[in-house]
2 protein chains.
Amino acid sequence: MEELKDNKEFFKEHGIKNTKQRNIIFEVLKQANTPLTAEQIFLKVKKVDKSISLSTIYRVLNTFISKEIAVKLTIVEDNTSMFELNRIDHEHYLVCMGCNKTVDIGHCPLGVYENSLEETTNFDIVGHKFEIYGYCPECKNKERLTKN
Amino acid sequence: MEELKDNKEFFKEHGIKNTKQRNIIFEVLKQANTPLTAEQIFLKVKKVDKSISLSTIYRVLNTFISKEIAVKLTIVEDNTSMFELNRIDHEHYLVCMGCNKTVDIGHCPLGVYENSLEETTNFDIVGHKFEIYGYCPECKNKERLTKN
DNA sequence: GTTAGTGCAAAATCTTTGCATATTT
DNA sequence: AAATATGCAAAGATTTTGCACTAAC
């Protein structure tokens, strides 16, 4: 359980207690390579801890966000938030509006832009959201058929 | 009422009926220079049409979105959607997490990027969301005080 | 006259919160 | 022991929907 020891240290650095629930949620987020909804996280966590509640998921995620461990973003087309770890060297996503498939679009090109914006606006910039949406090759055809 | 005649034509082009409610909502969106929440739109529209219902606001906005007349975006930190007209030559926003103030960040630099992405991914790209968030000069200081 | 849109109230969804209990430090 | 975190159930908030009625074409 080497990873738990690391997490313990990690949580300590962020000034929050090291609980079983936070560990599981953190591991789920680490292993995910796309953003997840609270519900998806809930289901994954439940496999390990049957008795966890959805409100704990939300509370832990909000704690992670306030400590800048995680970030929240919103996929277009419905109103549910998605969560992922706040990776410094992060990616962005191209989201299919047909099937919700997400595709990484490579290294984030916005760091430099943010720096120049901080200078011109005097804002203290914390982060950004950038998502591109459309239809994937498979859904493109379906879309075309239903539209005509 | 020259503008109503224009709107009538505009709605016809998009294959939707020209109703009083749609006209008012469209005018509200035209006059807004920042994205608005459904509730904000509701309140503005109510000044002109006291009997409009919030569900009509949502239905009209969803119609506008499906016809690509408007776009929906989500400001970080809460879960309410915001709406604005789908301007081809659009802007993006820098949002203050302290006071929700928004600042335009100039002409959108992402059109070219989308084109190259369409080629590499074979997606049919419909649009994107891009928001940068942080703390404005005024809230920066407040933030610093409450954190220590 | 037909089709599409609206208002209302009710439902559905997503998220937060109060409170008692449990866990962490 | 004190401070935080959790589970549960209940409440809040936002958005959608069924249905009868109305307006637009």
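All values derive from a computational prediction rather than experimental measurement. Chain A is the first sequence line, chain B the second, and so forth, proteins listed ahead of strands; every chain is numbered from 1.
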For this session: Choose from dC25(D), dT6(D), dT6(C) the nucleotide whose nearest atom is closest to any side-chain atom of Thr56(B).
Result: dT6(C)
For this session: Kindly point out which of dA4(C), dA5(D), dT15(C) is positioned nearest to the side chain of Ser81(A)?
Result: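 For Ser81(A), the side-chain atoms sit closest to dT15(C).
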Exercise. Within the pair Gln21(B) and dG7(C), is there a side-chain N or O less than 4.0 Å away from OP1 or OP2?
Worked result: yes
Problem set entry | Short side-chain N/O contact from Asn62(A) to OP1 or OP2 of dT16(C), under 4.0 Å | yes
Whole-Å gap separating [atom2] ([N]) and [atom1] ([X]):
{"X": "Lys8(A)", "N": "dT23(C)", "atom1": "NZ", "atom2": "P", "answer": "16 Å"}
{"X": "Tyr58(A)", "N": "dT17(C)", "atom1": "OH", "atom2": "P", "answer": "13 Å"}
{"X": "Arg59(A)", "N": "dT4(D)", "atom1": "CZ", "atom2": "C1'", "answer": "11 Å"}
{"X": "Arg22(A)", "N": "dA22(C)", "atom1": "CZ", "atom2": "C1'", "answer": "14 Å"}

Seminar exercise, completed: Across all chains, not counting sequence neighbours, the salt bridge (charged side-chain N to carboxylate O under 4.0 Å, His left out) partners of Lys20(B) are Asp49(B)
Problem set entry | Name of the residue among Ile25(A), Thr37(A), Ile24(A) meeting side-chain contact (heavy atoms from CB on, under 4.5 Å) with Ile57(A) |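 That would be Ile25(A).
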Exercise. Any chance the rings of Phe26(B) and Phe11(B) have centres within less than 6.0 Å?
Worked result: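 Yes: the rings meet the under 6.0 Å criterion.
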For this session: Can you pull out how bent the helix from dG1(C)-dC25(D) to dT25(C)-dA1(D) is, comparing the axes over its first five and last five pairs, to 10°?
Result: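 Inter-axis angle at the ends, rounded: 40°.
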Exercise. Of the residues in residues 44-55 of chain B, which ones touch DNA chain D at a heavy-atom distance under 4.0 Å?
Worked result: Leu54(B), Ser55(B)
